[in-house]
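We count ligands from 1, going down the list as the structure has it; atoms in each ligand are counted the same way. What you see below is based on every heavy atom in this structure, not just the backbone, and it leaves out hydrogens, waters and symmetry mates.
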Amino acid sequence: MKIAIMGAMPEEISPILEKIGSYKTISYAGNKYYEASYRGIDLVIAYSKIGKVFSTLTAATMIEHFGAQKLLFSGVAGAISPTLKVGDLIVATKLAQHDLDITAFGHPFGYVPEGAVFIEADKQMIEMSKEVAKDMGKNVQEGIIATGDQFVANEERKNWIGSTFGADALEMEGGSVAVVCNALEVPFFILRAISDAADMDASFSFDEFLQTSAKESAEFVMKMVDKLAN
Ligand code: ADE
């Protein structure tokens with residue numbers, strides 16, 4: 001079994017690399033990939049760089065070049081739902097691209113012909129995350145995540161994304177990773193810890209909480225990997 005663990009920024013995967021300790025670094029397609037053996041499973045770990053294009057490239061590379069059979073994403077997100085506060089964890093049930101817009105042709109936001117507005121994450125891993133949350137004594141919410149090539153720091157935009165997609169949190173990679181995994185039939189799990197509220201203070205909050213929230217998410221994802229290894 002080979003599992004991909006992916007983040008978008010160095011801060012999102014460094015706690016994972018620290019925990020694993022020893023790994024092999026491979027440079028490929030303009031990025032670094034880290035391979036390790038961990039509790040009897042093979043891991044490939046990488047951060048993609050921010051946004052839908054880089055995350056698409058990295059997810060596809062992890063699957064097609066490195067042979068990953070499952071993909072887990074760990075990172076931070078901006079909260080839309082008022083029940084999500086800085087440091088809280090959200091597991092994506094399904095994901096959409098909030099910046100995909102051919103509504104001029106009568107299509108809904110987030111839709112292109114032969115695509116789908118929402119892509120569902122793997123139900124088995126979502127179930128497993130409930131057990132992990134219980135084991136860790138953590139309160140983890142499930143919800144819809146909306147993705148776009150935009151750091152949202154604007155109440156109006158955030159509320160529009162919330163009402164248009166029923167989204168609980170937003171970020172910049174999950175929706176594109178979902179497209180890749182869905183097309184290549186690789187089960188995926190997307191976890192985010194809240195770093196900000198996607199409002200006018202978002203950039204300050206993000207800078208302040210990126211590291212601690214990324215660590216929260218990484219710890220949880222590693223517990224998921226532990227369960228998958230059992
Ligand atoms: N990731 C974390 N916070 C975010 C925000 N406000 N907008 C987009 N991506 C984010």
Within a 6.0 Å radius of atom NZ on K227, are there more than 12 heavy atoms belonging to other residues, nucleotides or ligands?
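Check passes, neighbour count above 12.
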**Asked** Hey, which residues fall under 4.0 Å of ligand 1 on heavy atoms?
**Response**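 Lining ligand 1 at under 4.0 Å, by heavy atoms, one finds V76, A77, G78, Q150, F151, V152, L170, E171, M172, S195, D196, A198, F206.
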Return all side-chain donor-acceptor pairs below 3.5 angstrom for residues 13-28, not counting sequence neighbours, or 'none' if the list is empty.
| from | atom 1 | to | atom 2 | distance (Å) |
| --- | --- | --- | --- | --- |
| S14 | OG | P10 | O | 3.3 |
| Y28 | OH | H65 | ND1 | 3.3 |

How are the rings of F151 and F206 set to each other: parallel, tilted or perpendicular (split at 30° and 60°)?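 Perpendicular.
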Without placing hydrogens or testing angles, list every side-chain donor-acceptor pair under 3.5 Å for residues 106-122, not counting sequence neighbours.
| from | atom 1 | to | atom 2 | distance (Å) |
| --- | --- | --- | --- | --- |
| E120 | OE1 | K123 | NZ | 2.6 |
| D122 | OD2 | M125 | N | 3.0 |

- Item | Partners meeting side-chain contact (heavy atoms from CB on, under 4.5 Å) with N154 (sequence neighbours left out) |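 side-chain contact (heavy atoms from CB on, under 4.5 Å) list for N154, sorted by chain: E156, R157.
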Check your understanding: Side chains of D226 and Y38: does their closest heavy-atom pair fall under 4.5 Å?
Key ->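 Sidechains of Y38 and D226: in contact.
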